[in-house]
Amino acid sequence: MIRAVKGTRDILPPSSSVWNHVEAVARAVFRSYNYQEIRTPIFEETQLFLRGVGEETDIVTKEMYTFPDRGGESLTLRPENTASVIRAYIEHRLDQLPGLQKLYYIGPMFRRERPQKGRYRQFSQIGAEAIGSPSAMVDAEVIEMVAEVLTRCGLTGFSIDVNSVGCPACRPKFIEALRQRLESVAPQMCGDCQRRATTNPLRVLDCKVPEDQPIIDALPSIHEHLCADCAGHFELVKTLLSDRAIPYEVKPRLVRGLDYYTRTTFEFTHGALGAQNSILGGGRYDGLAEQLGSKVPAPGIGFSIGEDRLVMSIEETQPDTARPVLDLFLAPLGPAAVRHCAALAYDLRKKNTVVEVGADGRLKRVMETANKLAARYVLIVGENEMNAGAYALKDMASGEQTTVTREQLLARF
RNA sequence: GCGGUGUUAGCUCAGCCGGUAGAGCGCCUGAUUGUGGUUCAGGAUGUCACGGGUUCGAAUCCCGUACACCGCCCCA
């Protein structure tokens with residue numbers, strides 16, 4: 001038997017309707033903030049991600065689906081979408097358009113990691129990018145917007161963590177201070193941290209080993225090293241979030257894994273997800289466009305929601321959300337009624353009524369089928385009904401049966 | 001990429017120390033002629049994940065592979 005490849009999966013009903021719901025909610029919220037959809041290719045030149053995501057990141061060093069095209073060019077299945085959006089922004093000179101560019105996307109991403117619950121090799125992200133402004137106003141609006149998406153999806157119990165990772169002016173100084181301090185304390189820490197102390201000092205802050213926590217708490221904080229501009233920016237973001245009564249927590253240790261982040265970073269987590277508790281992540285990337293060859297600066301901020309994880313949280317939190325509606329089930333008795341029902345269904349469906357036509361057979365059997373499909377009403381169409389010009393309409397919930405003419409039926413459904 | 005647990009009917013699982021498989025749910029059929037949800041009776045379905053080994057004999061023991069899940073790394 002041929003099975004779906006490792007780390008990929010089929011989204012079947014009724015789960016697929018939850019996916020559709022989530023996407024519809026996101027589109028509606030994005031629209032209300034005046035975002036418009038962008039669709040970029042699912043694969044790009046490998047070079048885009050090397051430069052955009054960062055050569056030293058885990059994504060680039062060990063997780064990309066990279067393959068040579070038949071012409072010899074190296075292509076890569078997109079591991080994330082921000083780099084592609086910025087590439088499109090530059091390529092199509094969107095900086096020449098008036099105002100901020102506010103773009104959203106929904107689609108599959110690919111990372112070759114060891115699969116786990118909530119972690120797949122093909123997964124879907126719902127994301128948005130606001131490009132063209134360095135203002136803290138935009139940061140706060142983006143965080144507000146994504147919180148609104150989760151809330152309107154019916155999700156509760158998520159928490160919002162924010163931080164500032166500084167800018168090219170102040171972050172290197174912080175990293176240097178961190179490195180120096182780690183020289184003395186790292187030997188007392190876990191093996192991973194001893195390694196990180198030299199390879200990636202920022203990662204030490206993310207360590208979850210309980211014994212290391214007191215040591216980490218005593219390490220220098222990024223906030224002591226932010227330059228005046230970065231500190232002011234972060235203060236304003238926090239003030240604006242408070243103005244909106246959005247509950248957030250400052251996590252000085254929140255370090256994101258992509259190289260392009262500057263200043264504001266944020267992450268939403270949810271307890272129902274297990275080890276992969278991050279439901280969405282995002283941040284500001286003021287230097288990314290220039291890194292990708294833009295001649296003009298294009299400061300931006302964005303996020304991406306892990307759609308698989310969002311759907312999973314919703315399904316675990318509220319299990320009975322996905323229930324498709326079947327308005328009317330037509331039960332034909334005899335070949336003539338089958339033709340009659342087909343024509344009737346055609347007219348009803350033009351009005352977007354959800355209609356199913358049963359197979360000809362014993363009424364008992366047809367009723368059983370209608371019941372299993374959870375039909376609201378069943379319309380019985382046999383010789384008697386066709387001769388009389390009136391159908392028997394049964395309310396499946398109450399069991400009551402009434403008589404309706406074709407006109408009455410079309411007016412009602 | 002590293003470590004661990006698991007893989008038996010469509011689903012959830014049982015199967016003790018090796019003697020070639022079961023339950024519940026679901027599905028199908030019937031309880032006479034045009035009426036569901038309850039009840040009753042009957043029925044179908046598994047190369048016991050795959051490959052190899054030990055054995056007279058393996059779902060049951062051993063090894064390998066695949067996949068899923070848990071933890072690590074990292075992230076969505």
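To find a chain, count down the sequence lines: A is the first, B the second, and so on, and within it residues start at 1.
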**Report entry** Base versus backbone protein contacts along nucleotides 1-13 of chain B [heavy-atom cut-off under 4.0 Å; B, S, -]
**Finding:** BBBB---------
Polar atoms only, N or O, under 3.5 Å: list the protein pairs with nucleotides 46-48 of chain B and their distances.
none

Query - d(NZ, A/Lys6; C1', B/A49) in whole Å - result: 14 Å
Query - Protein-nucleotide distance (A/Phe303, atom CZ; B/A76, atom P), rounded to Å - result: 13 Å
Query raised in the report: How far, in whole Å, is B/C17 from B/C70 if one measures between their C1' atoms?
Result: 30 Å
Query raised in the report: With no hydrogens and no angle check, do the side chains of A/Thr269 and A/Asp161 hold a donor and an acceptor under 3.5 Å apart?
Result: no
Requested in this report: Supply the atom-to-atom distance A/Ile222 CD1 to A/Cys230 SG, rounded to the nearest 0.5 angstrom.
Outcome: 8.0 Å
**Report entry** Separation between the P atoms of B/A49 and B/A21, rounded to whole Å
**Finding:** 14 Å
Query raised in the report: Please give, in whole Å, the distance from B/C74 P to A/Leu202 CG?
Result: 12 Å
**Report entry** Atom P, compared across B/C28 and B/G10: separation rounded to whole Å
**Finding:** 15 Å
Query raised in the report: Between B/C72 atom C1' and A/Asp58 atom CG, what is the distance in whole Å?
Result: 12 Å
Query raised in the report: Within the modelled atom types, does a donor on one side and an acceptor on the other bring the side chain of A/Arg111 and the base of B/A76 under 3.5 Å apart?
Result: yes
Report task. Can you run down the salt bridge (Lys or Arg N to Asp or Glu O under 4.0 Å) pairs that involve residues 391-413 of chain A, sequence neighbours left out, and say none if there aren't any? Result -> A/Asp347-A/Arg406
Query raised in the report: Rounding to the closest angstrom, what is the interatomic distance between B/G43 and B/G24 at atom P?
Result: 13 Å
Query raised in the report: OP1 or OP2 of B/C69 less than 4.0 angstrom from a side-chain nitrogen or oxygen of A/Lys117, does that happen here?
Result: no
Report task. Scan every strand shown for a Watson-Crick or G-U wobble partner of B/U38, both distances under 3.5 Å, and answer none if you come up empty. Result -> none
Report summary line: For residues 77-92 of chain A, the salt bridge (Lys or Arg N to Asp or Glu O under 4.0 Å) pairs (sequence neighbours left out) are A/Glu44-A/Arg87, A/Arg87-A/Glu91
Query - Separation of B/C74 P from A/Leu254 CG (nearest whole Å) - result: 14 Å
Requested in this report: Verify side chain to side chain donor-acceptor pair (under 3.5 Å) between A/Thr8 and A/Gln122, making sure each step is shown before the conclusion.
Outcome: CA-CA 6 Å; A/Thr8 70; A/Gln122 174 177 335; over 6 Å; no
Query raised in the report: How many Å lie between CZ on A/Phe266 and C1' on B/C75, as a whole number?
Result: 15 Å
Query - Any pair counted as ring pair (Phe, Tyr, Trp, His ring centres under 6.0 Å), so long as it reaches residues 328-378 of chain A, sequence neighbours left out - result: A/His340-A/Tyr391, A/Tyr377-A/Phe413
**Report entry** Counterpart residues, ring-ring contact (aromatic ring centres under 6.0 Å, His included), relative to A/Phe49 (two or more places apart)
**Finding:** none
Query - Of all pairs that satisfy side-chain hydrogen bond (donor to acceptor under 3.5 Å, both in side chains), the ones with a partner from residues 280-291 of chain A, not counting sequence neighbours - result: A/Glu129-A/Tyr285, A/Asp139-A/Arg284, A/Arg284-A/Asp286
**Report entry** A/Met137: side-chain contact (heavy atoms from CB on, under 4.5 Å) partners, not counting sequence neighbours
**Finding:** A/Ser135, A/Leu240
Query raised in the report: Expressed in whole Å, how much space separates the P atoms belonging to B/U20 and B/C13?
Result: 26 Å
Report task. Would you mind pulling out the nucleotide paired to B/A66, Watson-Crick or G-U wobble, both distances under 3.5 Å? Result -> B/U7
Query raised in the report: With both distances under 3.5 Å as the test, what is the Watson-Crick or G-U wobble partner of B/U54?
Result: none
Report summary line: Heavy-atom contacts, protein to nucleotides 26-39 of chain B, under 4.0 Å, summarised as B (base), S (sugar-phosphate only) or - (none) per nt, yield -SSSSS--BBBB--
**Report entry** Closest-nucleotide 5' rank along RNA chain B - winner of A/Arg3 and A/Ile59
**Finding:** A/Arg3
Query raised in the report: Which part of the nucleic acid, if any, lies within contact of A/Gly7, taking any heavy atom under 4.0 Å across all strands shown: a base, the sugar-phosphate backbone alone, or nothing?
Result: sugar-phosphate
**Report entry** Distance in angstrom units between A/Glu80 CD and B/A76 P, rounded
**Finding:** 8 Å
Query - Nucleotide forming a Watson-Crick or wobble pair with B/G46, both distances under 3.5 Å - result: none
Query raised in the report: For A/Pro115, which residues count as a side-chain contact (heavy atoms from CB on, under 4.5 Å) partner, sequence neighbours excluded?
Result: A/Lys6, A/Arg121
Requested in this report: Please determine, for B/U32, whether a Watson-Crick or G-U wobble partner exists with both distances under 3.5 Å, and give it or none.
Outcome: none
Query raised in the report: How far apart are the closest heavy atoms of A/Ala289 and A/Ile86, and which atoms are they?
Result: CA-CG2, 3.8 Å
**Report entry** Between B/C61 and B/U5 - P atom distance, rounded Å
**Finding:** 14 Å
Query raised in the report: C1' atom, B/G19 versus B/A59: distance in rounded Å?
Result: 12 Å
**Report entry** ring pair (Phe, Tyr, Trp, His ring centres under 6.0 Å) partners of residues 143-172 of chain A, not counting sequence neighbours, each pair once
**Finding:** A/Phe158-A/Phe268
Report task. Write down the distance separating the P atoms in B/C75 and B/A68, rounded off to the nearest Å. Result -> 22 Å
Query - Check: A/Leu103 and A/Leu94 side chains under 4.5 Å, non-hydrogen atoms - result: yes
Report summary line: note: A/Leu155, atom CG; B/A76, atom C1'; distance rounded to Å ~ 14 Å
Requested in this report: Please collect all salt bridge (Lys or Arg N to Asp or Glu O under 4.0 Å) contacts where either partner lies in residues 10-36 of chain A, sequence neighbours excluded, each pair once.
Outcome: A/Arg27-A/Glu37
